[in-house]
Amino acid sequence: MAGERISAIPVRPAIAYHSAPALPSMLTLEKFSIGVGDRFAHQAKAQLRACQLVARDGAEVVPVWNKSNREHTFVGSEPESVLLAARAAVQALDWPGGWHVDADHIRLETVERFLPHSDFFTIDVADSIGQPAAPEAVTAFVDRHPELIGTISIPQIAAPFTTTRAEIERLAGKFLLAVQDAGKIYRHIAEKKGADRLIAEVSMDETDTPQTPPELLVILAALADEKVPVQTIAPKFTGRFNKGVDYVGDLAQFEREFHDDLAVIAHAIARYGLPANLKLSVHSGSDKFSLYPIIRRTLPKFGAGLHLKTAGTTWLEELIGLAEAGGEGLAFAKEIYVGAIGHVDEFCAPYASVIDIDKAKLPTAEEVNGWTSAQFTGALRHDQQHPLFNSSFRQLLHVSFKLAAKAGQRYLDLLVANEEIVGKNVTENLYVRHLKPLFIG
Ligand SMILES: [Zn+2]
């Protein structure tokens with residue numbers, strides 16, 4: 001967190017071009033970081049324990065607790081609660097490493113209440129993509145960047161990009177307004193907080209079409225022009241990143257794209273003087289297990305870092321822990337499902353583009369009411385080899401956290417009463433299924 005461990009380090013690019021704008025000094029994000037979500041603010045310690053375990057294995061991965069404005073609104077919480085829970089966990093476990101609190105997917109309209117309690121800001125400009133920038137701004141951008149026109153050879157990319165002025169104009173037209181927005185939001189935060197007390201991420205993942213590596217290059221050139229010291233960037237990758245389940249898409253294509261994005265980032269750091277630690281942020285929607293081996297073997301080719309953002313599955317581990325505990329805990333888990341099955345369309349609507357539920361595979365309330373602990377956890381826990389695993393069941397519960405929020409204190413009391421078994425599931429999930437495969441192998 002800002003000021004607690006890391007002092008601000010002015011960033012100098014390896015090769016400074018005379019055209020590179022001077023970037024403000026900033027709080028520096030560590031090379032490897034994991035974004036974790038803790039909707040009900042009871043699992044920070046269990047999550048931090050997973051970072052301790054992977055540190056023991058030899059990988060320094062710092063936790064970044066993230067919660068979006070939308071989640072705060074759904075759950076009825078305030079950004080301060082995330083900071084307090086994180087700080088308490090860091091103190092309780094005597095965590096010597098870095099840690100941060102991410103104001104996730106904020107915009108100018110939503111950032112204010114996060115300012116005192118976050119040091120990491122995910123500046124979401126996806127909605128501005130495709131909205132036209134001023135024609136003069138587009139022309140000025142293209143005039144300023146003759147290097148983007150023609151043949152662009154980038155180390156480690158097999159075939160050079162070939163572009164025309166018209167194409168760069170089209171891309172600038174598509175992305176420039178979004179980048180200008182990022183600049184506006186960044187400057188607002190920097191002015192209120194101090195540029196050296198914040199980490200800036202720019203996210204473009206919540207949009208319909210993926211950004212190609214040449215598009216990423218244009219975006220990064222424009223961010224440098226805007227003097228946004230971006231340390232992580234979250235493009236939209238090809239394929240489906242559904243909530244809480246594995247990647248659906250072409251793995252070979254993802255690997256090419258991920259590789260070329262890393263090459264573009266390394267090139268942009270040198271060419272445009274962006275922060276030397278700029279890295280990709282993968283907004284995973286949690287559990288993109290099939291991508292982890294690809295990411296693990298590609299990062300070292302560039303000496304690149306990574307921010308992996310996971311989110312809502314901690315809540316599922318809470319449910320798994322309660323179900324495993326049996327008794328009142330299992331009864332509560334069943335009650336949530338029974339409530340959810342009565343509101344499938346309503347709960348799924350806000351997430352329509354990031355879930356794929358086969359309604360025919362959803363068990364009835366009567367069936368689930370007859371389940372044992374092992375049947376419930378077998379269906380819910382993300383073990384694709386388990387004969388009872390049911391991804392439709394899992395996805396429905398994933399989006400039904402509002403029911404737990406509605407249960408309020410009764411739910412929180414159950415979490416406290418079952419702290420050990422719930423925490424064990426939270427830690428194990430993060431360590432065994434995410435951190436270890438991604439950073440250790
Ligand atoms: Zn995202």
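Whatever order the structure lists ligands and atoms in, that order sets their numbers, starting from 1.
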Less than 6.0 angstrom from the centroid, inside 45 degrees of the normal: does Lys402 satisfy that with respect to the ring of Phe74?
yes

Listing residue and atom name, which protein N/O/S atoms are closer to the Zn ion (ligand 1) than 2.8 Å?
His105 NE2, Asp205 OD2, His283 ND1

In terms of side-chain heavy atoms, does His100 have a donor or acceptor partner in Asn66 at a distance below 3.5 Å?
no

Flag for His72-Ser77: side-chain donor and acceptor within less than 3.5 Å
yes

Can you confirm if the aromatic rings of Phe40 and Phe401 lie within a centre distance of less than 6.0 Å?
no

Evaluate the side-chain proximity of His382 to Asn429: yes if any heavy-atom separation is below 4.5 Å, no if none is.
no

Is it true that atom CG of Asp208 has more than 12 heavy atoms of other residues, nucleotides or ligands lying nearer than 6.0 Å?
no

